[in-house]
Amino acid sequence: MNSKLLYSLGLLTLAYSSLNAQNIETSFSNGTFQADFRTFYFNGSRKQRQDREALAVGGIFKYTTKAYEGLSAGIGFYTSHDLLHRGSEPTQRINNASVTIDTSDIAGNSELVQSNGDAIDTLGEVYLQYDVANTSLCMGRQRLNTPMLNDYYNRFLPNSFEALSVVNSSIDDTIITLAVVDRWKYKAEEEFKSLTASLGVDENLFLIGLENSSLSSVKLSAWYYRLNNVYDTLYTSLQHKKLAVLRGGWKIDGTLQYIKQDASGDKVLGKLDTYLFGAKLTLSQSNFSWTLMTDRIGNDTIRGSGTDYNNYGFSKFVNFTDIQIDGEALNAGAVSYGTNLQYHFSSNFKSALKYVYIKQNDTMQLASTTPN
């Protein structure tokens with residue numbers, strides 16, 4: 001962990017320890033232990049590319065102390081072990097019209113374990129949290145949940161971050177979030193690293209978010225992120241849960257999303273200047289829903305999601321396709337159209353049929369400041 005964070009955590013720990021020893025002992029002994037044990041099998045057979053297969057076991061094992069005068073602590077151990085150990089089988093691969101030999105690890109390709117197939121055993125969460133009135137302050141290794149910066153818990157283990165975060169709800173129907181992020185652990189890695197390690201620099205990320213639901217059935221969100229000397233990202237969304245109410249219990253929901261991304265400071269990525277505009281409508285009744293969606297990308301590829309989320313990106317997919325597609329939908333000039341039919345048979349079981357068409361613009365993609 002960064003030395004500044006360690007120092008600050010040390011001071012907080014000393015302050016915590018200086019409280020009444022008996023009360024501290026009670027807080028720790030009356031804490032909560034949670035075990036999220038998982039088993040995950042992943043198999044992907046691919047032509048002209050290395051396969052990916054793993055059978056992982058492990059999960060998240062976390063202990064949270066009982067709060068004492070608003071102060072609590074948490075520690076979470078993350079573990080993932082592949083039982084198959086297939087290793088690698090050198091495979092010819094065509095990459096940008098050139099033939100290369102793919103020797104990547106088969107288990108590592110699944111992202112259930114590390115990229116070289118090694119197990120993951122790490123302290124994914126170690127934090128102190130202080131809650132007072134309508135404000136919560138958290139310092140240390142923690143999971144975050146914002147549109148462009150989140151734990152992206154879609155495989156075996158989540159992302160986690162070394163950060164200082166503050167969440168305030170003093171204003172009615174409004175949540176304000178502030179954070180500075182120093183380092184992070186990608187979901188398929190064990191070590192915490194700089195957000196911009198892949199660029200050869202060491203920069204922090206700052207964010208501020210505002211979510212308001214004071215209007216009936218309407219949620220407004222605005223988030224601003226600055227990854228120093230790399231890019232600024234403005235994320236805005238407008239969600240209306242009842243655009244129209246029809247006969248027979250049918251209703252229509254709608255969401256608009258706009259993202260603006262520009263180069264920051266030293267412009268490590270070049271003169272990035274792009275946007276994402278997305279819209280979707282959902283017709284639903286009881287257990288059935290039908291969604292139509294579209295996305296459009298500006299002159300440069302959206303960074304921090306899609307294919308490069310494991311480098312200096314860290315978010316889930318921010319488009320409206322509802323399908324985990326590497327990055328094609330986020331490439332410069334791309335336009336996406338999609339639909340999603342979904343039926344809930346019960347509270348624990350649902351089925352869905354999803355389709356998306358992505359029209360890429362090769363000319364804009366090749367001319368992009370940040371081609372993917």
Side-chain angles (χ1 to χ4, degrees), residues 34-62 76-125 141 143 150-161 183-195 197-198 304-317 321-331 349 351-352 354 356 358 372:
Q34 295 173 303
D36 178 11
F37 181 79
R38 313 187 88 195
T39 301
F40 198 133
Y41 176 69
F42 189 106
N43 184 300
S45 299
R46 302 185 289 183
K47 293 182 179 180
Q48 295 183 341
R49 196 170 180 183
Q50 186 76 280
D51 291 342
R52 44 189 180 182
E53 184 180 23
L55 174 59
V57 294
I60 299 175
F61 305 91
K62 183 177 179 181
F77 179 70
Y78 294 3
T79 181
S80 177
H81 291 250
D82 171 44
L83 301 183
L84 300 181
H85 303 292
R86 286 195 55 191
S88 61
E89 299 173 358
T91 303
Q92 279 194 351
R93 176 181 177 183
I94 298 177
N95 185 17
N96 293 329
S98 299
V99 177
T100 61
I101 302 299
D102 186 347
T103 59
S104 59
D105 187 86
I106 293 175
N109 292 336
S110 72
E111 296 202 320
L112 302 186
V113 290
Q114 296 189 66
S115 59
N116 62 359
D118 286 350
I120 299 174
D121 292 299
T122 187
L123 289 176
E125 297 175 62
R141 294 182 176 179
R143 292 164 67 174
N150 46 68
D151 59 16
Y152 198 40
Y153 199 10
N154 73 327
R155 289 287 172 94
F156 200 89
L157 294 171
N159 300 337
S160 58
F161 305 85
R183 275 174 168 46
W184 78 311
K185 185 197 78 66
Y186 181 56
K187 61 184 179 180
E189 294 181 0
E190 192 175 71
E191 300 296 327
F192 282 75
K193 64 181 182 182
S194 167
L195 294 163
S198 64
S305 188
T307 298
D308 68 4
Y309 55 75
N310 61 328
N311 291 322
Y312 48 87
F314 21 75
S315 79
K316 58 190 176 185
F317 297 100
T321 61
D322 280 3
I323 298 179
Q324 287 185 10
I325 297 171
D326 274 345
E328 296 91 340
L330 299 172
N331 286 343
F349 179 66
S351 64
K354 303 179 180 183
V356 63
I358 302 170
N372 182 14

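Residue numbers count from 1 along this sequence. This is a predicted model, so every value here is computed, not measured.
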- Note on the structure: CG of D36 to CZ of F61, rounded to nearest 0.5 Å, is 8.0 Å
- Indicate whether the side chain of D121 and that of T79 have a donor and an acceptor atom separated by less than 3.5 Å. yes
- Task: Enter the distance from N43:CG to L84:CG here, rounded to the nearest 0.5 Å.
- Result: 9.0 Å
- Message: Under a 3.5 Å threshold, yes or no: a donor from one side chain and an acceptor from the other, between Y78 and E190?
- Response: no
- Nearest heavy-atom approach of A188 to I120 is C-CD1, 3.8 Å
- Message: Has K354 got a side-chain atom pairing as donor or acceptor with I323's backbone, closer than 3.5 angstrom?
- Response: no
- Between atom NE2 of H81 and atom CG of D118, what is the distance when rounded to the nearest 0.5 Å? 10.0 Å
- Query: So, for D51 and S45, which heavy atoms are closest and what is the spacing to 0.1 Å?
  - Reply: OD1-CA, 3.4 Å
- Task: Taking the side chain as every heavy atom from C-beta outward, state whether D82 and F42 have any pair of such atoms under 4.5 Å apart.
- Result: no
- Of the non-hydrogen atoms in F192 and G124, which two are nearest, and what is the gap between them? CZ-O, 3.9 Å
- Task: Just say parallel, tilted or perpendicular for the rings of F161 and W184, cut-offs at 30° and 60°.
- Result: parallel
- Task: Specify the closest pair of heavy atoms between N154 and F40, including all atoms of both residues, with the distance to one decimal.
- Result: O-CE1, 4.4 Å
- For the residue pair R143 and E125, establish whether any side-chain heavy-atom pair is separated by less than 4.5 Å. yes
- Does F37 have any ring pair (Phe, Tyr, Trp, His ring centres under 6.0 Å) partners at least two apart in sequence or in another chain, and if so, which? none
- Message: Donor-acceptor pair, distance only, cut-off 3.5 Å: does the side chain of S110 make one with the backbone of A54?
- Response: no
- Query: Looking only at atom types and distance, does a side-chain atom of R141 sit under 3.5 Å from a main-chain N or O of S160, one as donor and one as acceptor?
  - Reply: no
- Item | Shortest non-hydrogen contact between D105 and G117, atoms and distance | OD2-CA, 3.3 Å
- Sequence neighbours excluded, which residues qualify as side-chain hydrogen bond (donor to acceptor under 3.5 Å, both in side chains) partners of S194? T196, D202
- Among Q114, E111, E191, the one residue meeting side-chain hydrogen bond (donor to acceptor under 3.5 Å, both in side chains) with Y186: E111
- Message: K193: which residues meet the side-chain hydrogen bond (donor to acceptor under 3.5 Å, both in side chains) condition with it, sequence neighbours left out?
- Response: E189
- Once you round to the nearest 0.5 Å, how far does CG of N109 lie from CZ of R52? 7.5 Å
- Task: Work out which heavy atom in L157 is nearest to a heavy atom in K187; give both atom names and the distance.
- Result: O-CB, 3.0 Å
- pair P158-I60: side-chain heavy atoms closer than 4.5 Å: yes
- Task: Apply side-chain hydrogen bond (donor to acceptor under 3.5 Å, both in side chains) to the pair S315 and N150, showing each step before the final yes or no.
- Result: CA-CA 6 Å; S315 79; N150 46 68; 5.1 Å; no
- Message: Within the 4.5 Å heavy-atom criterion, are R46 and T91 side-chain neighbours or not?
- Response: no
- Item | Q92 vs I101 side-chain heavy atoms within contact, under 4.5 Å | yes
